Novice: 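One structure follows; several queries about it will come next.
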Amino acid sequence: MPEAQREITATRIALLELKDEQRLVQEGYTLLDEKRILLASEIQRQLARLACLRRECAALESEMRSRTNSAVARHGMDELSVYPPLSLAEDRLVMRRSRLLGLELLAVHMETSVRPPPSHEQPVNPTPEARACANAHRQWLVRAVELAGCCVNLRRLARDYVRTERRAKAIENVLMPEIVSSLKLIEEQLEGMDQEEVARLRRRHTQLT
């Protein structure tokens, strides 16, 4: 609540209540600060994994180009374009979910089948070049799936980190200074009231004597 809207009453009870509020706000800030640290650590871990997956994907892309060029050289573009594709029907997308501070993170990978394709998917003219080309694309796809899951995690972590950072900054830069200012004002007013009471008692004592 802005200071202009906060109605400050200089009483001992108001002072104690405000100190309790200060303690609760400080505890909330501590929790948010710890959450920031945990989120930042997980973001760094995911970034390291992202960099590793990107390097692997880049190497696999280079392998794909090389294998594709060899297959084209062996079959020609027309024949290769009608070559039976490598079936993914037996492959399975496996997704494991975990939670970090209430945030859902994903670990995604593909379990590829080692079973040979059905007879109706067998090529008429099978060659090592075409098979190597298909396997290179499959290996790239496996890493690309993991890369996609890592990117999803990073987007979620970054979004949650920004929200947490804004809340922590609001407490640190707005709410806590406002409470400190209000406490100082109440304490000054109470001190002034105490001094006035002491002066009144002295005057009364002087009059009685």
Side-chain angles (χ1 to χ4, degrees), residues 30-169:
T30 301
L31 291 174
L32 286 173
D33 192 43
E34 291 174 355
K35 183 178 180 180
R36 280 191 300 187
I37 293 172
L38 291 173
L39 288 172
S41 297
E42 182 61 23
I43 287 173
Q44 289 180 338
R45 192 184 74 82
Q46 293 282 344
L47 283 173
R49 175 162 175 74
L50 179 69
C52 180
L53 288 171
R54 281 180 170 172
R55 287 193 297 269
E56 292 180 8
C57 283
L60 290 171
E61 287 172 5
S62 177
E63 179 72 8
M64 275 196 309
R65 286 192 293 270
S66 175
R67 296 298 184 182
T68 302
N69 289 337
S70 297
V72 170
R74 177 67 182 269
H75 292 273
M77 184 61 71
D78 291 339
E79 183 179 340
L80 190 63
S81 64
V82 296
Y83 200 91
L86 187 64
S87 175
L88 302 178
E90 299 295 327
D91 294 352
R92 192 163 66 97
L93 184 65
V94 179
M95 188 177 302
R96 291 188 296 105
R97 291 177 170 84
S98 61
R99 302 195 79 82
L100 175 68
L101 303 172
L103 188 68
E104 186 179 76
L105 300 179
L106 303 176
V108 188
H109 71 279
M110 281 186 65
E111 290 184 352
T112 56
S113 174
V114 295
R115 294 171 57 184
S119 57
H120 66 276
E121 294 183 3
Q122 293 286 351
V124 176
N125 180 25
T127 63
E129 290 82 1
R131 185 164 55 251
C133 176
N135 287 331
H137 280 77
R138 170 181 272 181
Q139 290 173 10
W140 174 85
L141 180 61
V142 170
R143 284 293 174 269
V145 166
E146 296 178 10
L147 181 65
C150 187
C151 289
V152 170
N153 289 338
L154 279 168
R155 289 192 184 97
R156 292 179 178 178
L157 287 163
R159 190 163 51 241
D160 200 36
Y161 183 88
V162 169
R163 284 198 298 262
T164 303
E165 177 76 4
R166 286 175 179 170
R167 291 169 183 170
K169 289 295 184 183

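One-based numbering along the sequence shown. Keep in mind that this is a model prediction, so the values were computed, not measured.
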Novice: Could you tell me the separation between the CZ atom of Arg155 and the SG atom of Cys150, rounded to the nearest 0.5 Å?
Specialist: 10.5 Å
Novice: Against Leu106, only a single residue in Arg96, Glu146, Arg156 fulfils side-chain contact (heavy atoms from CB on, under 4.5 Å); can you say which?
Specialist: Arg156
Novice: How far apart are the closest heavy atoms of Cys57 and Ala144, and which atoms are they?
Specialist: SG-N, 4.0 Å
Novice: Sequence neighbours excluded, which residues qualify as ring pair (Phe, Tyr, Trp, His ring centres under 6.0 Å) partners of His75?
Specialist: Tyr83
Novice: Just one of His109, Glu56, Glu61 clears the side chain to side chain donor-acceptor pair (under 3.5 Å) bar with Arg143, so which one?
Specialist: Glu56
Novice: Are Thr164 and Leu101 close enough that some pair of their side-chain heavy atoms sits under 4.5 Å apart?
Specialist: no
Novice: Would you say Arg163 has more than 12 foreign heavy atoms packed within less than 6.0 Å of its CZ?
Specialist: yes
Novice: Please report the closest heavy-atom contact between Cys133 and Thr68, naming both atoms and the distance.
Specialist: SG-OG1, 3.5 Å
Novice: Going from CG on Asn153 to CD on Glu104, what distance comes out if it is rounded to the nearest 0.5 angstrom?
Specialist: 9.0 Å
Novice: Donor-acceptor pair, distance only, cut-off 3.5 Å: does the side chain of Ser70 make one with the backbone of Ser66?
Specialist: yes
Novice: Could you list the donor-acceptor pairs under 3.5 angstrom formed between side-chain atoms of residues 41-48 and any protein atom two or more places apart in sequence or on another chain?
Specialist:
from: Ser41; atom 1: OG; to: Ile37; atom 2: O; distance (Å): 3.0
from: Glu42; atom 1: OE1; to: Arg45; atom 2: NE; distance (Å): 3.3
from: Glu42; atom 1: OE2; to: Arg45; atom 2: NE; distance (Å): 3.3
from: Glu42; atom 1: OE2; to: Arg45; atom 2: NH2; distance (Å): 2.9
from: Glu42; atom 1: OE2; to: Gln46; atom 2: NE2; distance (Å): 3.0

Novice: About how many Å separate CG of Leu157 and CG of Leu105, when rounded to the nearest 0.5 Å?
Specialist: 5.0 Å
Novice: Side chains of Lys35 and Asp160, heavy atoms from C-beta outward: is any pair under 4.5 Å?
Specialist: yes
Novice: Starting at CZ of Arg36, measure out to CG of Leu32 and round the result to the nearest 0.5 Å.
Specialist: 7.5 Å
Novice: Are the side chains of Leu147 and Leu50 in contact, using a 4.5 Å heavy-atom criterion?
Specialist: yes
Novice: CE/Met64 to CG/Asn135 distance, rounded to the nearest 0.5 angstrom?
Specialist: 12.5 Å
Novice: Which heavy atom in Gln139 sits nearest to a heavy atom in Leu60, and how many Å separate them?
Specialist: O-CD1, 3.5 Å
Novice: For Ser81 and Asp78, indicate whether the former's side chain and the latter's backbone hold a donor-acceptor pair under 3.5 Å.
Specialist: yes
Novice: From Arg138 CZ over to Asp91 CG, what is the distance, rounded to the nearest 0.5 angstrom?
Specialist: 4.5 Å
